[in-house]
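All remarks here apply to the structure that follows.
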Amino acid sequence: QVELVESGGGLVQPGGSLRLSCAASGGLFSLATMGWYRQAPGKQREFVAVRASGGASNYADSVKGRFAISRDNAENMVYLQMNNLKPEDTAVYYCAALGLRTVVGGRAKDYWGQGTQVTVSS
């Protein structure tokens, strides 16, 4: 059973930093693209950042230069370092495993965590 568990959210003042973590289990995560998405109240879920199995990263324009995604394949962990946070970064942040297989040669699917709340406010 695939499980993605996010942690590290909370309340932070504008300009502050947070580090989100995602603990993954139950799949071949080292072979999948891992990422972070977010959903603000009243808005659709949007892309934040992804890191491919080969190490290439991609970011939404709104977070470039402020956020950094990293992963530890040995520990099945994914991180999102968020610096210089702004009120518009307030959202529920979701960890995603894209194109994940649970067995070699098995069907590839996308999996999502339950989310962690990030609130940026003074």
Side-chain angles (χ1 to χ4, degrees):
Q1 181 179 354
V2 175
E3 191 172 23
L4 302 173
V5 180
E6 302 97 335
S7 61
L11 173 64
V12 63
Q13 293 187 340
S17 298
L18 281 175
R19 188 192 194 208
L20 304 184
S21 299
C22 173
S25 61
L28 302 175
F29 293 98
S30 63
L31 302 179
T33 293
M34 303 296 295
W36 291 93
Y37 289 70
R38 67 187 182 187
Q39 186 167 17
K43 295 186 177 181
Q44 290 188 331
R45 189 173 299 188
E46 65 175 7
F47 164 75
V48 176
V50 292
R51 190 168 179 95
S53 59
S57 299
N58 193 25
Y59 296 91
D61 288 343
S62 60
V63 306
K64 279 181 182 176
R66 300 188 298 122
F67 291 12
I69 186 171
S70 61
R71 59 190 292 175
D72 182 339
N73 288 335
E75 298 293 332
N76 284 346
M77 295 290 296
V78 183
Y79 304 98
L80 186 68
Q81 178 66 44
M82 306 185 294
N83 299 324
N84 190 22
L85 283 159
K86 304 176 181 180
E88 51 263 42
D89 294 319
T90 296
V92 177
Y93 283 71
Y94 297 91
C95 178
L98 308 176
L100 178 70
R101 290 178 169 84
T102 57
V103 295
V104 175
R107 179 187 173 195
K109 290 178 58 179
D110 295 344
Y111 293 86
W112 300 86
Q114 293 299 306
T116 184
Q117 176 70 46
V118 171
T119 303
V120 185
S121 175
S122 55

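Considering OH of Tyr111 and OG1 of Thr102, their distance stands at 5.5 Å, rounded to 0.5 Å. With rounding to the nearest 0.5 angstrom, the OG atom of Ser122 is 7.0 Å from the CD atom of Gln13. Summarising the geometry, atom CG belonging to Leu28 is positioned 11.5 Å from atom CG belonging to Asn73; distances are rounded to the nearest 0.5 Å. Atom-to-atom distance recorded for Arg71:CZ and Asn76:CG is 8.5 Å, nearest 0.5 angstrom. Summarising the geometry, atom OG belonging to Ser17 is positioned 8.0 Å from atom CG belonging to Asn84; distances are rounded to the nearest 0.5 Å. The line from OG of Ser30 to CG of Asp72 is 11.0 Å long, rounded to the nearest 0.5 Å.
Around atom CD of Gln39, more than 12 heavy atoms belonging to other residues, nucleotides or ligands sit under 6.0 Å away.
Tyr93 and Leu18 fall within the same hydrophobic cluster, defined by Ile, Leu, Val, Met, Phe, Trp and Tyr side-chain heavy atoms under 4.5 Å apart, directly or through other members. Linking Ile, Leu, Val, Met, Phe, Trp and Tyr whenever their side-chain heavy atoms come within less than 4.5 Å puts Val12 and Trp36 in one cluster. Follow the hydrophobic side-chain contacts under 4.5 Å out from Phe67 and you never reach Val50; the two are in separate clusters. Hydrophobic clustering keeps Tyr94 apart from Val63 (ILVMFWY residues linked when any side-chain heavy atoms are closer than 4.5 Å, directly or through intermediates). Hydrophobic cluster membership differs between Tyr59 and Tyr79, with clusters built from Ile, Leu, Val, Met, Phe, Trp and Tyr side chains linked at under 4.5 angstrom.
Put simply, the side chain of Thr90 reaches to within 4.5 Å of the side chain of Gln117, judged on heavy atoms. Taking the side chain as every heavy atom from C-beta outward, Ser121 and Leu11 approach each other to under 4.5 Å.
For residues 25-79, no residue pair satisfies the disulfide (SG to SG under 2.5 Å) rule, not counting sequence neighbours.
Between Ser57 and Ile69, the shortest heavy-atom distance links the atoms OG-CG2, 3.8 Å. A pairwise comparison of heavy atoms in Arg51 and Ser70 identifies CD-CA, 4.0 Å as the closest pair. The two residues Ala32 and Gly99 have their closest heavy-atom pair at CB-O, 4.2 Å.
Remark: Glu3 pairs with no residue by the salt bridge (charged side-chain N to carboxylate O under 4.0 Å, His left out) rule, at least two apart or across chains. Contacts of Tyr37 classified as ring-ring contact (aromatic ring centres under 6.0 Å, His included), with partners at least two apart in sequence or in another chain: Phe47, Trp112. Scored by the side-chain hydrogen bond (donor to acceptor under 3.5 Å, both in side chains) test, Ser53 finds no partners at all (sequence neighbours excluded). The side chain to side chain contact (heavy atoms under 4.5 Å, CB included) check on Ala52 picks up Thr33, with sequence neighbours excluded. Take Arg66 and apply the salt bridge (charged side-chain N to carboxylate O under 4.0 Å, His left out) test, not counting sequence neighbours, and it matches Asp89.
Under a 3.5 Å cut-off, the side chain of Glu6 and the backbone N or O of Cys95 do form a donor-acceptor pair.
Applying side-chain contact (heavy atoms from CB on, under 4.5 Å) to Phe29 and the options Arg101, Glu75, Met34, Met77 leaves one that passes, Met34.
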